[in-house]
There are 2 protein chains.
Amino acid sequence: MALPFRPATGPATRKRRQFLSREEIVEAGAKVLARDGYDALNMRSVATELDVQAAALYRYVDSREELDDLLFDHLMADCVPGLDGADWRADLRAFAAAWRLRLITMRDATRIALGQVSIGPNIAPLMDVALSILRTSGLKDDELIEVYQACMLLVHSLASAEASYLELAAQKDAGGLRHAPPQPEWVASYPTLWALAERLAAPPDFDARFAFGLEALIAGVERRLAGETP
Amino acid sequence: MALPFRPATGPATRKRRQFLSREEIVEAGAKVLARDGYDALNMRSVATELDVQAAALYRYVDSREELDDLLFDHLMADCVPGLDGADWRADLRAFAAAWRLRLITMRDATRIALGQVSIGPNIAPLMDVALSILRTSGLKDDELIEVYQACMLLVHSLASAEASYLELAAQKDAGGLRHAPPQPEWVASYPTLWALAERLAAPPDFDARFAFGLEALIAGVERRLAGETP
DNA sequence: ACCTGAACACCGTTCAAGT
DNA sequence: ACCTGAACACCGTTCAAGT
């Protein structure tokens with residue numbers, strides 16, 4: 001039987017291309033995550049995306065945990081914005097805003113990496129830039145690291161809160177969840193809570209919250225620089 | 001056959017007492033969590049703790065998710081310290097320190113409530129006190145809530161980071177995990193990261209980090225009060 | 001009314017067997 | 001060497017059947 005004209009790399013029905021690879025697996029994971037969300041992400045769904053059995057993945061990936069690590073790193077690729085280096089405050093704001101945007105844009109990214117981020121090849125430049133920015137502020141090395149950690153925590157946990165809020169809101173719109181959690185009786189016995197209940201239930205302004213957190217961080221750094229440490 | 005002398009409430013072998021209850025289930029959950037950790041907490045282990053089948057729990061609890069909510073609220077009971085009300089800064093520090101301590105003391109508490117804390121009868125007084133403290137600072141109601149949310153986020157996410165670090169360290173001591181994650185080659189190409197690598201790998205000072213975060217928050221509030229909002 | 005026993009769907013992971 | 005097929009352990013949840 002003669003060989004077909006079209007090369008082996010362009011099959012009509014999907015067929016296994018040569019071998020699997022770590023990169024291919026991670027990209028398939030990203031695809032599943034973007035399309036179906038974190039709850040639908042598992043070894044079997046990623047394998048299906050690649051027309052393969054789940055067990056096959058274990059030749060390239062040690063565990064589900066490692067896949068999550070790789071995936072998170074992958075999602076954060078090329079996330080560093082251009083910075084002019086004139087003012088560390090402006091640079092820090094730009095950096096934090098860019099990273100926050102990425103975390104929120106990539107569906108469920110914050111659910112993959114709950115706090116413990118392991119440094120991969122795409123996270124490293126991110127860290128490097130953040131540290132560089134803070135270094136130009138004039139902080140000493142040990143203070144610098146504390147501030148850096150605080151900044152990462154701020155961005156990550158606030159983005160996480162925002163993402164989970166948005167997901168919940170979307171769910172409520174689509175499916176039909178309970179509209180507002182029915183006010184329990186006993187909240188009336190807490191005066192301040194009661195007085196602010198309405199405001200607390202209102203949709204949060206995450207931009208404002210983010211801005212406040214960042215400005216507070218900057219204020220904290222400036223205090224340190226001025227030597228007003230209590 | 002004559003009835004035994006000892007009353008029915010004091011059996012030699014453990015026997016089901018009357019009926020189950022929500023409270024009993026939550027306490028059993030707390031027991032499992034304290035003894036075996038979050039990874040060992042599931043419907044079956046809680047049921048076993050009560051000499052009962054897992055399915056029996058569903059008469060009192062809607063889902064695993066609800067159990068987690070109830071459990072977290074239970075763990076945070078009576079966590080509000082005495083406050084003198086003289087200075088809102090001092091009160092805020094005392095409040096935050098007490099809550100942080102509780103979060104860390106209760107094994108895996110932060111893993112139960114990942115960010116989204118639903119207000120239960122034990123969380124409510126906590127919220128009420130925090131809001132009351134901030135109210136005495138002179139902030140307007142809407143600003144107050146932003147600061148409150150920032151404070152909750154700070155305490156919770158920092159405690160979460162600390163707890164997961166401690167757990168990892170304990171694991172490393174006991175079992176024998178990889179000592180230090182072997183420095184990847186490519187970090188050398190990021191100068192600032194490289195320069196600070198040693199410091200970044202050093203055991204973090206969570207007390208200092210917490211203090212910095214809280215002081216920054218206070219600095220942010222004071223700026224707001226002074227009307228220096230950018 | 002409350003609990004048991006058994007089952008189902010789902011998921012991470014392992015392993016012998018195929019090619 | 002790489003993948004399949006089948007299996008195991010584990011977990012949330014449901015439901016008919018017992019008492």
Student: Distance from A:Thr48 atom OG1 to A:Met43 atom CE, nearest 0.5 Å?
Tutor: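 The CE atom of A:Met43 is 12.5 Å from OG1 of A:Thr48, to the nearest 0.5 Å.
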
Student: Counting C-beta onward and ignoring hydrogens, is there a side-chain heavy-atom pair between A:Leu158 and A:Leu153 closer than 4.5 Å?
Tutor: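 The answer is no; the side chains never approach within 4.5 Å.
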
Student: Starting at the 5' end of DNA chain C, which residue's closest nucleotide do you reach first, B:Tyr60 or A:Arg59?
Tutor: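 Comparing both residues, the 5'-ward one is B:Tyr60.
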
Student: For the residue pair B:Asp78 and B:Arg102, what are the closest heavy atoms and their distance?
Tutor: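 Between these two residues, the closest heavy atoms are O-NH2, 3.2 Å.
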
Student: Let me know the distance between CG of B:Leu20 and C1' of C:dT4, rounded to the nearest Å.
Tutor: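 Interatomic distance, CG of B:Leu20 to C1' of C:dT4: 13 Å.
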
Student: Could you tell me if the side chain of A:Phe72 sits less than 4.5 Å from the side chain of A:Met106, heavy atoms only?
Tutor: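 No, side chains not in contact.
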
Student: Do the numbers put A:Arg209 on top of the ring of A:Phe212, so that NZ or CZ is under 6.0 Å from the six-membered ring centre and no more than 45° off the axis?
Tutor: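 The answer is no; the distance or angle limit is not met.
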
Student: A:Ile25 has an atom CD1; how far is it from atom P of D:dC2, in whole Å?
Tutor: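 Interatomic distance, CD1 of A:Ile25 to P of D:dC2: 12 Å.
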
Student: Would the distance check show the side chain of A:His156 and the main-chain N or O of A:Ala113 forming a donor-acceptor pair, the cut-off being under 3.5 Å?
Tutor: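 Present.
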
Student: Give a yes or no on whether the backbone of A:Ala208 and the side-chain of A:Asp205 come within a donor-acceptor separation of less than 3.5 Å.
Tutor: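 Yes; judged by distance alone, with no hydrogens or angles, the pair exists.
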
Student: In which ranges does DNA chain C form stems of 3 or more consecutive Watson-Crick or G-U pairs, distances under 3.5 Å?
Tutor: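 Listed by first number, the stems are C:4-8 with D:12-16, C:12-16 with D:4-8.
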
Student: Return the value, rounded to whole Å, for the distance between atom CG of A:Leu57 and atom P of D:dC2.
Tutor: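 For the pair A:Leu57 CG and D:dC2 P, the rounded distance is 14 Å.
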
Student: For each nucleotide in nucleotides 8-15 of chain D, reading 5' to 3', give B when a protein heavy atom comes within less than 4.0 Å of its base, S when such contact involves only the sugar-phosphate, and - otherwise.
Tutor: ---BBBBB

Student: Answer yes or no: is there an ion pair linking B:Arg100 with B:Asp207, defined by an N-O contact shorter than 4.0 Å?
Tutor: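 B:Asp207 and B:Arg100: salt-bridged.
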
